[in-house]
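Indexing begins at 1, ligand by ligand and atom by atom, following the structure's order. Computed over heavy atoms, backbone and side chain alike; hydrogens, waters and symmetry mates excluded. All values derive from a computational prediction rather than experimental measurement.
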Amino acid sequence: MEEIEILPRDAYLHTVYVSQAPCTIQWWFSTKRKNIDFGLFQRRAQSTIGDDISVVGSIGPAGSTGSTTGTSSGKRLVPSPGFSWQQSESDVRAAALPRTPVEVAAKQRGGQCKLHERNSVELMPLKHYESSKSTIKGFWNAVDPGAYVLYFDNSFSKNTSKRLSFCVAVKEAKEGNIKPPVLMSGWLLKKKRKRMQGWANRWFTIQGHWLLYSTTEGGVSRAKIDLVNAVISISKEDRAITVDSDEGFMQLRAQTDADFTAWVAALQMVKEQAVAVPPTIDAAAEGATLAPGVNSQPTSGLHRGASPSDAQAATQRIDMKHVQRVHASFEDSVEQLQGLFNETQEPSRSELRDRAMRYLRLIKDSGGALYALLASLEGASRPALARKDTTGSSIGRPSISLVPSHASWLSGSGSDIFYDTNEMVEFTPDNDSDVLPLVEPTALATLECATHSTSSMSPSANMETPPSRAGLSARGGDADSMSDSEDDEHGYFGNHASTGDSPQFGRMRRDLIRDPEFIEAFARNHIQAPLSPAIAATVVPGETYEGSEPQSLDSLPLVTLEKARVLLGAYEPRTTLPAETCEANVSLISILRKNVGKELSNISMPLVMNEPINTLQSLCEELMYSRLLQRADEMGDSLDRLMYVAAFAISTLSSKKYRAERKPFNPLLGETYEMVDSLGGYRFVSEKVSHHPPVMACYADSPFYRFWQDSSVKSKFWGKSMELIQTSNVNIELLKHADHFTYCKPSALVRGLISGNRSVDFTGEMSIVNHATGDTCSVHFKEAGVFSSSNDMVECHLRRGGNPQVERVLRGSWSSHMRFEKSTTDSDVLWTAVSLPPDAHRYYGFSYFAMRLNELIPGTRKDLPTTDTRFRPDQRAYEEGRIDDAEQIKQKLEEAQRARKRERDESGLQWKAQWFEEREDAQSPTGRSWQYRGGYWDARAKNTYPPALELW
Ligand SMILES: CC(C)CCC[C@@H](C)[C@H]1CC[C@H]2[C@@H]3CC=C4C[C@@H](O)CC[C@]4(C)[C@H]3CC[C@]12C
């Protein structure tokens, strides 16, 4: 890595001489404090250093978003094992080009400075990059040999010099010319990722260390997987081969036993060769330079709220002493082994000895690389810890997991950490302006809820004075919003519910959405608007239910809601957790490796892998955007209702975005959880109804809808990823129209279990059906490509009644927003995710909503049954940061649970759930589902809970 100071009005040119083409030139750069322009040029003639120079391309205005010159491929390139550094390549010479007086003089001709050189060709025009915020990464596939100039331009700056750090690498484009030999090819069945779509026959080829497939023999490859880094699991009984790699996840099946054996043998061979021929990379030396977090700063990018490098650096603390000790003892043992092998003098064994030595060297190198990586991370984490996060949306990835090989950590660090020069257009904030104008996309969260609530808000409510005008444009700094509200004569909350969607209301709504202060206040529940106008109108006044007690309170959600509203009044829910995220210095590798192919629930995980809520509560978290259901119920057209239900179904997944690090607590059998959300206008109850397999059932109702599901999830570890497959339906009933919707939540693929960049991806198809009208909506989750992340893209196709024609299309992303595209120019935002609290990374990535889930509000203690999760002592201790206590209590509780099970087994008793029962259900994929038996809310109102087990 080089560091260079570029003076104001100056530029720095770095020339890379390519003698053997084709090849790929790769670069990474960042600047301290201010940003810089960057472009790529090629010198055609064999110009020598300091050659004559004349005008070519011009500098784009700062911040311009013009697309980059088309590269032969616009994809990101993850350093692969074949990757080699220019310094270690003999046939490629790269040298820093000293600035000649001619060039400097040229630069100094004021702001309109140009690259002067007759024989230069502009490959990538100069463009402004936010290089001080993150490391910019890019590449160019060079087809001709020659001199390539990386042009770092600071000539637009009048006073500020820039400190540039950069590195350049040249990678031979091996696959382009010499094709590695085909080891094996043939037909295999490949499981389609779309749910229940079965298996497709595909033509597979193993070429070198790559696995490729196509739909026809010799056809265009659909995917290319590097087998060296892939984890392959096999199952002989069903001839299944699972390939889990950084590039993709595939489940394959051979049609005959002979095929199966042949494929397994071929795969094994590739694996073995990969070990024998180590990847050509000087990882130990370069590791520190490339390691994430060394140069990168927190990103402020809208899409990429969290730069993993930053997040990691900010939250991980590596005990270097411990690392040193481990490394020393590791080296010690390797040396002893080497000595042992050296003593083997037998000539017949010499070949074996050589091989063993090669392996040992390889092991030692990886140890060194790992050590270098840890050291560099440690170095990077120190300053980062002190840095205050102001981006508001960046979320920590709290744990670090060690990674097993060069290859893994290289791809881990190469994939997500950097902004990409070649993909810059996608990430430039300006580009988002048409989608979500001023605030972070997530901040628009409660668009509907927020504005609904304000419409019913009395002028005397909490927020007496409207937020200042200045506040409106504070974050975005967009003049437009100012002028927009200029002619708003009605004052901030001048229009009440009755105005509905009048233009003024629309404007106010827009302004509110744009006002970060408003959004934050809303998210924190500082805005007092307990019930929507619709609820407010039908609310049962306090006396009614106290005076003449209705027969069954269970069927009257409003009563419970109103009671809670009165009881809690101005209670302010907490906005942080009692303790910050605990450290999790556990390496998952050892746990996971032993459990490939097993159920998640059967694997015992260290407590620190948990987040301080349990699965019963995370089911309730799915109701975070329940307003969408209320909205759906208000709609007259059935397709509108379906549309909002679809948006709701997708919104339930959004909270998983930054929560891939930890899993929820597993509740005890018989444990229950309730939530009376007077703000959201629903009540919710859930219970753990079966332990093996683990099943949680839940039921929520409101004056507008009913919502129930049982969460039975099958999970599998595949070595690098974990797959979670939902086996039951979610049910939603909209009361006004007697609609009944069902859908099955999509499968989740948790990737990066080992490399530490854990993420959740939803895959396949989800189909939402309204059984009352026959309307359907198919939701398609776009899978991430080989080089790109999918941006969590989702597309919905809505069809009316048995009509095969797609009538509506919704687009968006499951982690941030959904839109209904009415036409090419007009679209409605249906839902946007809330922006997370600014310190969310310190609190498990929780939203304000999630933080409330386990809050035990003193006044409600007596209303809760003893089985309520809020009383579970180990989870409470964990939440408060008393990890050791939590661990001890958890052991005790689980032992007691086992004892109860033994007792039941001995006396031949069956476990019976308290509030739910399993019934026949024609719509459920299994034919049965868990449904609410009723009675919980009655018992709660009268405080007559039936005697329950003492769980703790
Ligand atoms: C190895 C561990 C610690 C990694 C962290 C696991 C996290 C990311 C896992 C654990 C349990 C998982 C959830 C279990 C079940 C479902 C239902 C499914 O239809 C949608 C995904 C969803 C909601 C999963 C999302 C991811 C999840 C929250």
Nearest-neighbour protein heavy atom for [atom], which is reported as residue plus atom name and distance:
| atom | result |
| --- | --- |
| atom 17 (C) of ligand 1 | Q726 OE1, 3.3 Å |
| atom 3 (C) of ligand 1 | E661 O, 3.6 Å |
| atom 11 (C) of ligand 1 | P664 CD, 4.2 Å |
| atom 15 (C) of ligand 1 | V713 CG2, 3.5 Å |
| atom 10 (C) of ligand 1 | K663 CB, 3.9 Å |

Ligand 1-proximal atoms of M605, by part, heavy-atom distance under 4.0 Å: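 The part of M605 near ligand 1 is the side chain, not the backbone.
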Ligand 1 contact on R662 by region, counting heavy-atom pairs under 4.0 Å: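 The answer is the backbone.
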Could you list the atoms of ligand 1 found under 4.0 angstrom from a heavy atom of [X]?
| X | result |
| --- | --- |
| K656 | 23 (C), 25 (C), 28 (C) |
| F762 | 20 (C), 21 (C) |
| R659 | 8 (C) |
| A748 | 21 (C) |
| P746 | 18 (C), 19 (O), 20 (C) |
| L724 | 12 (C), 26 (C) |

Within the 6.0 Å centroid threshold, strictly below: Y658 and Y844: no
Looking at [Y] and [X], is any side-chain nitrogen of the basic one under 4.0 Å from a carboxylate oxygen of the acidic one?
| X | Y | answer |
| --- | --- | --- |
| R662 | E611 | no |
| E671 | K688 | no |
| E894 | K901 | no |

Partner of F916 by ring-ring contact (aromatic ring centres under 6.0 Å, His included), out of W911, W708, W930, Y932: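 Result: among W911, W708, W930, Y932, Y932 is the only option passing the ring-ring contact (aromatic ring centres under 6.0 Å, His included) with F916.
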W831, F762, Y625 screened by ring-ring contact (aromatic ring centres under 6.0 Å, His included) with W814, the one that passes: F762
Sole candidate of S816, S815, S813 that passes side-chain hydrogen bond (donor to acceptor under 3.5 Å, both in side chains) when paired with D792: S815
Nearest atoms (heavy-atom pairs only) where I225 meets G248: CD1-O, 4.2 Å
Heavy-atom side-chain contact between L951 and L893 under 4.5 Å: no
Ligand 1 N/O within reach of A660 N/O, cut-off under 3.5 Å: no
